[in-house]
Protein chains: 2
Amino acid sequence: MQDTRSNSERATTELREMIFSGALPPGSDHLETELAEKLGMSRTPVREAALTLRAQGLVELRPRRGLRINPVSAKDMADIYDILTELESLAAARAAEARYSRADLATLATAIGDMTEALAQDDLRAWANADDRFHRELVRLGGNARLSMIVSVMRDQVRRARATTLFIRPKPTQSNDDHRAVYQAIAEGDPKTAHDIHHAHRLHARDMLVSLLEKHQFHGL
Amino acid sequence: MQDTRSNSERATTELREMIFSGALPPGSDHLETELAEKLGMSRTPVREAALTLRAQGLVELRPRRGLRINPVSAKDMADIYDILTELESLAAARAAEARYSRADLATLATAIGDMTEALAQDDLRAWANADDRFHRELVRLGGNARLSMIVSVMRDQVRRARATTLFIRPKPTQSNDDHRAVYQAIAEGDPKTAHDIHHAHRLHARDMLVSLLEKHQFHGL
DNA sequence: GCATTTTTTAACGTATACATTAAATCATAC
DNA sequence: GTATGATTTAATGTATACGTTAAAAAATGC
(Lines give C-alpha, C1' and ligand atoms only; values in the text may rest on other atoms or scores of the structure.)
Protein backbone atom coordinates (compact mmCIF):
# COMPACT_ATOMS: atom_id res chain seq x y z
CA MET A 1 0.00 0.00 0.00
CA GLN A 2 1.33 3.34 -0.95
CA ASP A 3 1.85 6.31 1.32
CA THR A 4 -0.94 8.76 0.57
CA ARG A 5 0.57 11.65 2.53
CA SER A 6 2.18 14.57 0.82
CA ASN A 7 5.94 14.82 0.55
CA SER A 8 5.79 17.75 2.89
CA GLU A 9 4.18 15.65 5.62
CA ARG A 10 6.53 12.77 4.95
CA ALA A 11 9.50 15.08 5.22
CA THR A 12 8.20 16.39 8.54
CA THR A 13 7.87 12.97 10.13
CA GLU A 14 11.07 11.62 8.60
CA LEU A 15 13.15 14.58 9.69
CA ARG A 16 11.64 14.33 13.13
CA GLU A 17 12.56 10.67 13.30
CA MET A 18 16.08 11.47 12.12
CA ILE A 19 16.42 14.01 14.89
CA PHE A 20 15.17 11.63 17.56
CA SER A 21 17.26 8.73 16.32
CA GLY A 22 20.37 10.84 16.37
CA ALA A 23 20.90 10.65 12.61
CA LEU A 24 20.80 14.44 12.76
CA PRO A 25 22.72 15.14 15.95
CA PRO A 26 21.95 18.15 18.16
CA GLY A 27 23.89 21.21 17.14
CA SER A 28 24.60 19.96 13.64
CA ASP A 29 23.83 21.93 10.48
CA HIS A 30 22.27 20.55 7.33
CA LEU A 31 21.73 22.24 4.01
CA GLU A 32 18.29 22.08 2.52
CA THR A 33 19.69 20.61 -0.66
CA GLU A 34 21.39 17.76 1.19
CA LEU A 35 18.26 16.89 3.13
CA ALA A 36 16.18 17.06 -0.02
CA GLU A 37 18.50 14.62 -1.73
CA LYS A 38 18.54 12.30 1.29
CA LEU A 39 14.75 12.24 1.33
CA GLY A 40 14.44 11.90 -2.41
CA MET A 41 12.42 15.02 -3.04
CA SER A 42 12.94 18.64 -3.99
CA ARG A 43 13.77 21.46 -1.64
CA THR A 44 10.22 22.77 -1.47
CA PRO A 45 8.65 20.10 0.76
CA VAL A 46 11.82 19.93 2.85
CA ARG A 47 11.60 23.65 3.46
CA GLU A 48 7.97 23.31 4.46
CA ALA A 49 8.86 20.58 6.90
CA ALA A 50 11.66 22.75 8.27
CA LEU A 51 9.19 25.54 9.00
CA THR A 52 6.91 23.15 10.82
CA LEU A 53 9.76 21.75 12.89
CA ARG A 54 10.94 25.25 13.65
CA ALA A 55 7.50 26.09 15.01
CA GLN A 56 7.88 23.06 17.27
CA GLY A 57 11.23 24.24 18.51
CA LEU A 58 13.22 21.36 17.08
CA VAL A 59 15.32 23.25 14.56
CA GLU A 60 16.40 26.71 13.58
CA LEU A 61 16.77 28.08 10.08
CA ARG A 62 20.00 29.88 9.62
CA PRO A 63 20.42 31.51 6.24
CA ARG A 64 23.31 30.02 4.32
CA ARG A 65 24.21 27.73 7.21
CA GLY A 66 21.34 25.35 6.80
CA LEU A 67 19.03 23.76 9.32
CA ARG A 68 20.51 23.77 12.80
CA ILE A 69 19.28 20.93 14.96
CA ASN A 70 18.54 22.60 18.27
CA PRO A 71 20.50 21.18 21.15
CA VAL A 72 18.60 20.54 24.36
CA SER A 73 20.48 21.44 27.51
CA ALA A 74 19.70 20.36 31.05
CA LYS A 75 18.10 23.78 31.56
CA ASP A 76 15.96 23.25 28.45
CA MET A 77 14.88 19.90 29.78
CA ALA A 78 13.95 21.45 33.12
CA ASP A 79 11.91 24.10 31.29
CA ILE A 80 10.15 21.49 29.22
CA TYR A 81 9.32 19.40 32.26
CA ASP A 82 7.94 22.46 34.02
CA ILE A 83 5.51 22.98 31.19
CA LEU A 84 4.58 19.32 31.07
CA THR A 85 4.05 19.26 34.81
CA GLU A 86 1.59 22.13 34.82
CA LEU A 87 -0.34 21.16 31.74
CA GLU A 88 -0.64 17.45 32.46
CA SER A 89 -1.73 18.14 36.01
CA LEU A 90 -4.43 20.44 34.73
CA ALA A 91 -5.52 17.73 32.31
CA ALA A 92 -5.70 15.25 35.19
CA ALA A 93 -7.90 17.62 37.17
CA ARG A 94 -10.18 18.26 34.21
CA ALA A 95 -10.40 14.57 33.49
CA ALA A 96 -11.54 14.00 37.07
CA GLU A 97 -14.13 16.74 36.70
CA ALA A 98 -15.51 15.10 33.59
CA ARG A 99 -16.78 12.07 35.55
CA TYR A 100 -15.72 9.48 33.03
CA SER A 101 -17.07 5.98 33.39
CA ARG A 102 -14.71 3.07 34.11
CA ALA A 103 -15.18 2.03 30.49
CA ASP A 104 -13.95 5.43 29.34
CA LEU A 105 -10.86 4.91 31.44
CA ALA A 106 -10.05 1.50 29.99
CA THR A 107 -7.09 2.71 27.95
CA LEU A 108 -5.63 4.31 31.05
CA ALA A 109 -6.10 1.11 33.04
CA THR A 110 -4.52 -0.99 30.32
CA ALA A 111 -1.47 1.26 30.21
CA ILE A 112 -1.04 0.93 33.95
CA GLY A 113 -1.35 -2.84 33.73
CA ASP A 114 1.24 -2.93 30.95
CA MET A 115 3.62 -0.86 33.04
CA THR A 116 3.29 -3.22 35.97
CA GLU A 117 3.96 -6.21 33.77
CA ALA A 118 6.90 -4.53 32.06
CA LEU A 119 8.42 -3.75 35.43
CA ALA A 120 8.02 -7.33 36.56
CA GLN A 121 9.82 -8.49 33.45
CA ASP A 122 12.45 -5.80 33.65
CA ASP A 123 11.53 -4.62 30.16
CA LEU A 124 12.28 -0.92 30.32
CA ARG A 125 11.41 -0.24 26.73
CA ALA A 126 7.99 -1.76 27.13
CA TRP A 127 7.61 0.26 30.31
CA ALA A 128 8.53 3.52 28.57
CA ASN A 129 6.09 2.70 25.81
CA ALA A 130 3.22 2.08 28.22
CA ASP A 131 4.19 5.16 30.22
CA ASP A 132 3.87 7.22 27.04
CA ARG A 133 0.46 5.78 26.36
CA PHE A 134 -0.67 6.55 29.90
CA HIS A 135 0.34 10.17 29.70
CA ARG A 136 -1.04 10.66 26.23
CA GLU A 137 -4.40 9.22 27.20
CA LEU A 138 -4.47 11.23 30.42
CA VAL A 139 -4.02 14.43 28.46
CA ARG A 140 -6.63 13.39 25.92
CA LEU A 141 -9.14 12.81 28.69
CA GLY A 142 -8.47 16.35 29.86
CA GLY A 143 -10.47 17.46 26.83
CA ASN A 144 -8.38 20.45 25.81
CA ALA A 145 -7.17 19.96 22.25
CA ARG A 146 -4.68 22.83 22.30
CA LEU A 147 -3.20 21.57 25.52
CA SER A 148 -2.82 18.12 23.98
CA MET A 149 -0.92 19.58 21.05
CA ILE A 150 1.47 21.53 23.23
CA VAL A 151 2.09 18.58 25.50
CA SER A 152 2.77 16.29 22.58
CA VAL A 153 5.35 18.69 21.18
CA MET A 154 7.03 18.94 24.58
CA ARG A 155 6.94 15.20 25.07
CA ASP A 156 8.66 14.73 21.75
CA GLN A 157 11.62 16.61 23.09
CA VAL A 158 11.68 14.67 26.33
CA ARG A 159 11.90 11.48 24.35
CA ARG A 160 15.37 12.45 23.19
CA ALA A 161 16.58 12.71 26.76
CA ARG A 162 14.84 9.57 27.84
CA ALA A 163 16.56 7.48 25.20
CA THR A 164 19.86 8.29 26.85
CA THR A 165 18.79 8.14 30.48
CA LEU A 166 16.35 5.25 30.51
CA PHE A 167 19.01 2.73 31.44
CA ILE A 168 20.96 4.72 33.97
CA ARG A 169 18.14 5.93 36.13
CA PRO A 170 16.51 4.20 39.06
CA LYS A 171 13.68 1.79 38.35
CA PRO A 172 10.37 3.60 38.14
CA THR A 173 8.55 1.73 40.89
CA GLN A 174 7.17 4.77 42.71
CA SER A 175 5.97 5.96 39.34
CA ASN A 176 3.54 3.11 39.05
CA ASP A 177 1.92 3.81 42.39
CA ASP A 178 1.45 7.41 41.31
CA HIS A 179 -0.24 6.40 38.09
CA ARG A 180 -2.61 4.17 39.97
CA ALA A 181 -3.47 6.91 42.42
CA VAL A 182 -4.12 9.39 39.62
CA TYR A 183 -6.32 6.86 37.88
CA GLN A 184 -8.21 6.28 41.09
CA ALA A 185 -8.75 9.99 41.68
CA ILE A 186 -10.05 10.47 38.15
CA ALA A 187 -12.40 7.51 38.46
CA GLU A 188 -13.70 8.90 41.75
CA GLY A 189 -14.09 12.39 40.35
CA ASP A 190 -11.57 13.99 42.67
CA PRO A 191 -9.85 16.76 40.67
CA LYS A 192 -7.65 18.09 43.43
CA THR A 193 -6.14 14.73 44.28
CA ALA A 194 -5.64 13.88 40.62
CA HIS A 195 -3.93 17.22 40.07
CA ASP A 196 -1.71 17.16 43.12
CA ILE A 197 -0.50 13.60 42.78
CA HIS A 198 0.27 14.00 39.12
CA HIS A 199 1.99 17.30 39.82
CA ALA A 200 4.24 15.75 42.44
CA HIS A 201 4.85 12.80 40.13
CA ARG A 202 6.08 15.03 37.32
CA LEU A 203 8.11 17.28 39.58
CA HIS A 204 9.88 14.24 40.92
CA ALA A 205 10.60 12.99 37.41
CA ARG A 206 11.85 16.42 36.46
CA ASP A 207 14.30 16.67 39.34
CA MET A 208 15.56 13.16 38.76
CA LEU A 209 16.08 13.70 35.05
CA VAL A 210 17.69 17.09 35.41
CA SER A 211 20.14 15.94 38.05
CA LEU A 212 21.00 12.94 35.90
CA LEU A 213 21.61 15.17 32.90
CA GLU A 214 23.71 17.56 34.92
CA LYS A 215 25.71 14.78 36.50
CA HIS A 216 26.44 13.25 33.14
CA GLN A 217 27.12 16.63 31.65
CA PHE A 218 24.76 16.40 28.75
CA HIS A 219 25.16 20.06 28.03
CA GLY A 220 23.54 19.80 24.67
CA LEU A 221 21.79 16.61 24.05
CA MET B 1 14.10 52.96 5.60
CA GLN B 2 13.34 49.72 3.88
CA ASP B 3 11.97 46.60 5.48
CA THR B 4 14.83 44.16 5.71
CA ARG B 5 12.70 41.17 6.59
CA SER B 6 11.99 38.43 4.12
CA ASN B 7 8.68 38.32 2.31
CA SER B 8 7.90 35.16 4.22
CA GLU B 9 8.23 36.96 7.56
CA ARG B 10 6.30 39.94 6.27
CA ALA B 11 3.52 37.68 5.07
CA THR B 12 3.38 36.03 8.49
CA THR B 13 2.96 39.27 10.40
CA GLU B 14 0.64 40.84 7.84
CA LEU B 15 -1.65 37.84 7.69
CA ARG B 16 -1.69 37.69 11.46
CA GLU B 17 -2.67 41.35 11.60
CA MET B 18 -5.36 40.77 9.01
CA ILE B 19 -6.76 37.97 11.13
CA PHE B 20 -6.78 40.05 14.32
CA SER B 21 -8.21 43.10 12.63
CA GLY B 22 -11.03 41.08 11.17
CA ALA B 23 -9.99 41.66 7.59
CA LEU B 24 -9.89 37.88 7.37
CA PRO B 25 -12.95 36.90 9.41
CA PRO B 26 -13.11 33.68 11.43
CA GLY B 27 -14.40 30.80 9.38
CA SER B 28 -13.63 32.41 6.05
CA ASP B 29 -11.59 30.75 3.31
CA HIS B 30 -8.90 32.38 1.23
CA LEU B 31 -7.03 30.99 -1.74
CA GLU B 32 -3.28 31.19 -1.65
CA THR B 33 -3.26 32.99 -4.97
CA GLU B 34 -5.61 35.72 -3.74
CA LEU B 35 -3.59 36.30 -0.59
CA ALA B 36 -0.39 36.38 -2.61
CA GLU B 37 -1.84 39.03 -4.88
CA LYS B 38 -3.14 41.05 -1.93
CA LEU B 39 0.29 41.02 -0.34
CA GLY B 40 2.11 41.70 -3.57
CA MET B 41 4.25 38.60 -3.61
CA SER B 42 4.24 35.11 -5.05
CA ARG B 43 2.56 32.08 -3.52
CA THR B 44 5.76 30.70 -2.04
CA PRO B 45 6.22 33.10 0.89
CA VAL B 46 2.47 33.14 1.49
CA ARG B 47 2.49 29.38 1.79
CA GLU B 48 5.39 29.53 4.21
CA ALA B 49 3.51 32.04 6.32
CA ALA B 50 0.45 29.82 6.19
CA LEU B 51 2.45 26.91 7.60
CA THR B 52 3.74 29.06 10.44
CA LEU B 53 0.26 30.32 11.26
CA ARG B 54 -1.07 26.78 11.12
CA ALA B 55 1.52 25.72 13.68
CA GLN B 56 0.18 28.50 15.90
CA GLY B 57 -3.35 27.29 15.51
CA LEU B 58 -4.63 30.36 13.69
CA VAL B 59 -5.47 28.79 10.35
CA GLU B 60 -5.99 25.47 8.68
CA LEU B 61 -4.86 24.46 5.22
CA ARG B 62 -7.59 22.79 3.27
CA PRO B 63 -6.54 21.56 -0.14
CA ARG B 64 -8.43 23.30 -2.92
CA ARG B 65 -10.48 25.31 -0.43
CA GLY B 66 -7.75 27.65 0.64
CA LEU B 67 -6.70 28.91 4.04
CA ARG B 68 -9.47 28.60 6.58
CA ILE B 69 -9.29 31.15 9.35
CA ASN B 70 -9.94 29.14 12.47
CA PRO B 71 -12.97 30.30 14.42
CA VAL B 72 -12.57 30.54 18.18
CA SER B 73 -15.54 29.34 20.16
CA ALA B 74 -16.29 30.01 23.81
CA LYS B 75 -14.99 26.53 24.56
CA ASP B 76 -11.77 27.34 22.68
CA MET B 77 -11.39 30.50 24.68
CA ALA B 78 -11.89 28.58 27.91
CA ASP B 79 -9.22 26.09 26.83
CA ILE B 80 -6.82 28.87 25.95
CA TYR B 81 -7.36 30.60 29.26
CA ASP B 82 -6.78 27.34 31.09
CA ILE B 83 -3.38 27.07 29.49
CA LEU B 84 -2.58 30.70 30.15
CA THR B 85 -3.63 30.35 33.75
CA GLU B 86 -1.33 27.44 34.48
CA LEU B 87 1.69 28.68 32.59
CA GLU B 88 1.57 32.28 33.76
CA SER B 89 1.11 31.19 37.34
CA LEU B 90 4.16 28.99 37.06
CA ALA B 91 6.08 31.90 35.60
CA ALA B 92 5.02 34.06 38.55
CA ALA B 93 6.25 31.43 40.99
CA ARG B 94 9.57 31.05 39.20
CA ALA B 95 9.99 34.80 39.04
CA ALA B 96 9.54 34.95 42.81
CA GLU B 97 12.11 32.20 43.24
CA ALA B 98 14.60 34.14 41.16
CA ARG B 99 14.87 36.90 43.78
CA TYR B 100 14.92 39.77 41.35
CA SER B 101 15.92 43.20 42.62
CA ARG B 102 13.42 46.05 42.60
CA ALA B 103 15.31 47.46 39.64
CA ASP B 104 14.73 44.23 37.71
CA LEU B 105 11.04 44.61 38.40
CA ALA B 106 10.84 48.17 37.12
CA THR B 107 9.00 47.25 33.92
CA LEU B 108 6.43 45.37 35.95
CA ALA B 109 5.97 48.32 38.29
CA THR B 110 5.61 50.73 35.39
CA ALA B 111 2.93 48.59 33.81
CA ILE B 112 0.98 48.53 37.07
CA GLY B 113 1.28 52.29 37.38
CA ASP B 114 0.04 52.74 33.82
CA MET B 115 -2.92 50.52 34.50
CA THR B 116 -3.88 52.53 37.55
CA GLU B 117 -3.65 55.75 35.60
CA ALA B 118 -5.60 54.35 32.66
CA LEU B 119 -8.34 53.24 35.03
CA ALA B 120 -8.53 56.68 36.59
CA GLN B 121 -8.90 58.21 33.15
CA ASP B 122 -11.32 55.57 31.96
CA ASP B 123 -9.03 54.75 29.05
CA LEU B 124 -9.72 51.08 28.49
CA ARG B 125 -7.42 50.75 25.51
CA ALA B 126 -4.50 52.14 27.44
CA TRP B 127 -5.42 49.78 30.26
CA ALA B 128 -5.47 46.77 27.95
CA ASN B 129 -2.13 47.80 26.54
CA ALA B 130 -0.52 48.09 29.98
CA ASP B 131 -2.16 44.84 31.04
CA ASP B 132 -0.52 43.13 28.08
CA ARG B 133 2.83 44.55 29.05
CA PHE B 134 2.42 43.37 32.61
CA HIS B 135 1.65 39.81 31.63
CA ARG B 136 4.35 39.67 29.00
CA GLU B 137 6.98 40.92 31.42
CA LEU B 138 5.77 38.58 34.14
CA VAL B 139 6.24 35.62 31.85
CA ARG B 140 9.64 36.86 30.73
CA LEU B 141 10.77 37.09 34.34
CA GLY B 142 9.77 33.47 34.77
CA GLY B 143 12.85 32.64 32.73
CA ASN B 144 11.42 29.82 30.61
CA ALA B 145 11.77 30.73 26.94
CA ARG B 146 9.57 27.92 25.67
CA LEU B 147 6.85 28.85 28.10
CA SER B 148 7.06 32.46 26.90
CA MET B 149 6.58 31.35 23.32
CA ILE B 150 3.54 29.24 24.10
CA VAL B 151 1.98 31.96 26.21
CA SER B 152 2.51 34.55 23.52
CA VAL B 153 0.79 32.36 20.94
CA MET B 154 -2.13 31.81 23.30
CA ARG B 155 -2.34 35.47 24.17
CA ASP B 156 -2.55 36.34 20.49
CA GLN B 157 -5.75 34.39 20.30
CA VAL B 158 -7.18 35.99 23.41
CA ARG B 159 -6.62 39.39 21.86
CA ARG B 160 -9.30 38.64 19.31
CA ALA B 161 -11.87 38.04 22.02
CA ARG B 162 -10.81 41.00 24.06
CA ALA B 163 -11.32 43.40 21.19
CA THR B 164 -15.00 42.50 21.21
CA THR B 165 -15.52 42.23 24.97
CA LEU B 166 -13.38 45.04 26.32
CA PHE B 167 -16.21 47.52 26.32
CA ILE B 168 -18.99 45.35 27.60
CA ARG B 169 -17.30 43.80 30.58
CA PRO B 170 -17.07 45.18 34.11
CA LYS B 171 -14.24 47.55 34.88
CA PRO B 172 -11.09 45.71 35.86
CA THR B 173 -10.60 47.24 39.30
CA GLN B 174 -10.03 43.99 41.19
CA SER B 175 -7.53 43.11 38.50
CA ASN B 176 -5.25 45.93 39.55
CA ASP B 177 -5.13 44.84 43.17
CA ASP B 178 -4.20 41.36 41.99
CA HIS B 179 -1.35 42.68 39.88
CA ARG B 180 -0.02 44.64 42.79
CA ALA B 181 -0.18 41.62 45.08
CA VAL B 182 1.63 39.44 42.54
CA TYR B 183 4.30 42.09 42.13
CA GLN B 184 4.68 42.28 45.89
CA ALA B 185 5.01 38.52 46.24
CA ILE B 186 7.65 38.38 43.52
CA ALA B 187 9.60 41.23 45.09
CA GLU B 188 9.46 39.47 48.47
CA GLY B 189 10.47 36.14 47.00
CA ASP B 190 7.25 34.36 47.88
CA PRO B 191 6.57 31.89 45.05
CA LYS B 192 3.45 30.30 46.51
CA THR B 193 1.64 33.59 47.03
CA ALA B 194 2.70 34.85 43.60
CA HIS B 195 1.44 31.64 42.04
CA ASP B 196 -1.84 31.42 43.89
CA ILE B 197 -2.88 35.02 43.45
CA HIS B 198 -2.08 35.04 39.79
CA HIS B 199 -3.85 31.71 39.36
CA ALA B 200 -7.02 33.04 40.97
CA HIS B 201 -6.68 36.23 38.93
CA ARG B 202 -6.61 34.35 35.66
CA LEU B 203 -9.32 31.90 36.63
CA HIS B 204 -11.56 34.81 37.42
CA ALA B 205 -10.78 36.47 34.09
CA ARG B 206 -11.48 33.19 32.35
CA ASP B 207 -14.88 32.70 33.92
CA MET B 208 -15.87 36.29 33.25
CA LEU B 209 -14.81 36.16 29.62
CA VAL B 210 -16.34 32.77 28.92
CA SER B 211 -19.69 33.69 30.42
CA LEU B 212 -19.66 36.92 28.43
CA LEU B 213 -18.92 35.04 25.23
CA GLU B 214 -21.62 32.50 25.95
CA LYS B 215 -24.15 35.15 26.84
CA HIS B 216 -23.47 37.04 23.66
CA GLN B 217 -23.41 33.86 21.67
CA PHE B 218 -20.07 34.33 20.04
CA HIS B 219 -20.05 30.78 18.84
CA GLY B 220 -17.21 31.34 16.46
CA LEU B 221 -15.44 34.53 17.01
C1' DG C 1 -37.07 16.96 -13.50
C1' DC C 2 -33.62 14.32 -10.92
C1' DA C 3 -29.69 11.23 -10.60
C1' DT C 4 -25.50 9.67 -12.61
C1' DT C 5 -21.63 9.92 -15.41
C1' DT C 6 -18.37 12.57 -18.11
C1' DT C 7 -15.86 16.59 -18.95
C1' DT C 8 -13.79 20.70 -17.62
C1' DT C 9 -11.58 23.64 -14.51
C1' DA C 10 -8.46 25.40 -11.35
C1' DA C 11 -5.96 25.09 -6.79
C1' DC C 12 -2.61 22.77 -4.75
C1' DG C 13 1.78 20.29 -4.10
C1' DT C 14 6.07 20.03 -6.00
C1' DA C 15 9.92 20.81 -9.07
C1' DT C 16 12.81 23.98 -11.02
C1' DA C 17 14.94 28.32 -12.29
C1' DC C 18 17.13 32.37 -10.87
C1' DA C 19 18.59 36.71 -8.57
C1' DT C 20 20.49 38.11 -4.30
C1' DT C 21 23.91 38.11 -1.11
C1' DA C 22 26.53 36.15 2.72
C1' DA C 23 30.49 33.55 3.19
C1' DA C 24 34.68 31.84 1.51
C1' DT C 25 38.59 32.24 -1.37
C1' DC C 26 42.05 34.63 -3.40
C1' DA C 27 44.87 38.65 -4.42
C1' DT C 28 47.26 42.50 -2.94
C1' DA C 29 49.61 45.72 0.11
C1' DC C 30 52.25 46.49 3.90
C1' DG D 1 53.14 36.84 7.74
C1' DT D 2 49.11 39.46 8.49
C1' DA D 3 45.50 42.55 7.27
C1' DT D 4 42.63 44.54 3.86
C1' DG D 5 40.04 44.49 -0.23
C1' DA D 6 38.44 42.15 -4.61
C1' DT D 7 36.54 38.06 -6.54
C1' DT D 8 34.24 33.81 -6.62
C1' DT D 9 31.07 30.59 -4.90
C1' DA D 10 26.96 28.69 -3.49
C1' DA D 11 22.75 28.54 -0.44
C1' DT D 12 18.89 30.83 0.25
C1' DG D 13 14.46 33.23 -0.68
C1' DT D 14 11.33 33.77 -4.18
C1' DA D 15 9.12 33.34 -8.63
C1' DT D 16 7.35 30.41 -11.87
C1' DA D 17 6.03 26.28 -14.33
C1' DC D 18 3.49 22.16 -14.33
C1' DG D 19 1.25 17.58 -13.30
C1' DT D 20 -2.26 15.79 -10.31
C1' DT D 21 -6.62 15.65 -8.76
C1' DA D 22 -10.61 17.26 -6.21
C1' DA D 23 -14.46 20.00 -7.09
C1' DA D 24 -17.59 22.16 -10.28
C1' DA D 25 -20.02 22.11 -14.53
C1' DA D 26 -21.96 19.90 -18.29
C1' DA D 27 -23.87 16.06 -20.48
C1' DT D 28 -26.39 12.02 -20.44
C1' DG D 29 -29.84 8.66 -19.03
C1' DC D 30 -33.94 7.64 -16.79
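From a predicted model like this one, the values you see are computed outputs, not experimental measurements. Chain letters run A, B, ... following the sequence lines, proteins first and then strands; every chain starts at 1.
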Show the distances under 3.5 angstrom between N or O atoms of the protein and N or O atoms of nucleotides 5-12 of chain C.
residue: C:dA11; atom: N3; partner: B:Arg64; partner atom: NH1; Å: 2.8

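Residue A:Ser42 places at least one side-chain N or O under 4.0 Å from the OP1 or OP2 atom of C:dA15.
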query: For A:Asp82 and B:Arg146, what are the C-alpha separation, side-chain angles and deciding distance, and is it a salt bridge (charged side-chain N to carboxylate O under 4.0 Å, His left out)?
result: CA-CA 10 Å; A:Asp82 272 347; B:Arg146 276 180 180 78; over 6 Å; no

task: Tell me, with the steps shown, if B:Arg43 and B:Glu32 meet salt bridge (charged side-chain N to carboxylate O under 4.0 Å, His left out).
output: CA-CA 6 Å; B:Arg43 272 178 57 220; B:Glu32 293 177 5; 3.2 Å; yes

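We find that CG of A:Leu61 is positioned 12 Å from P of D:dT14, with the value rounded to whole Å. We find that CD of A:Glu37 is positioned 15 Å from C1' of C:dT16, with the value rounded to whole Å. Here D:dT12 presents its P atom at 12 Å from CG of A:Leu51, a figure rounded to the nearest Å. Across the protein-nucleic acid pair, A:Glu48 atom CD and C:dT14 atom C1' stand 8 Å apart, rounded to whole Å.
Counting only distance, with no hydrogens or angles, the side chain of B:Arg54 and the backbone of B:Glu60 share no donor-acceptor pair below 3.5 Å. A:Tyr100 contributes a side-chain N or O that, together with a main-chain N or O of A:Leu141, makes up a donor-acceptor pair within less than 3.5 Å.
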Let me have the donor-acceptor pairs involving side chains of residues 103-111 of chain A, under 3.5 Å, with sequence neighbours excluded, atom names and distances please.
residue: A:Asp104; atom: OD2; partner: A:Ser101; partner atom: N; Å: 3.1
residue: A:Asp104; atom: OD2; partner: A:Ser101; partner atom: OG; Å: 3.2
residue: A:Thr110; atom: OG1; partner: A:Ala106; partner atom: O; Å: 2.9

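A:Ser6 comes within contact range of the sugar-phosphate backbone alone, with a heavy-atom separation under 4.0 Å but no base atom that close.
For the salt bridge (Lys or Arg N to Asp or Glu O under 4.0 Å) test, no residue two or more places apart in sequence or in another chain qualifies with A:Asp178. Annotation: salt bridge (Lys or Arg N to Asp or Glu O under 4.0 Å) contacts of A:Lys75 (sequence neighbours excluded): A:Asp79.
Identified under the ring-ring contact (aromatic ring centres under 6.0 Å, His included) test for residues 133-161 of chain B, with sequence neighbours left out: B:Phe134-B:His179, B:His135-B:His179, B:His135-B:His198, B:His135-B:His201.
Near DNA chain D, meaning a heavy atom under 4.0 Å from it, residues 7-14 of chain B has B:Asn7, B:Ser8 in order of number.
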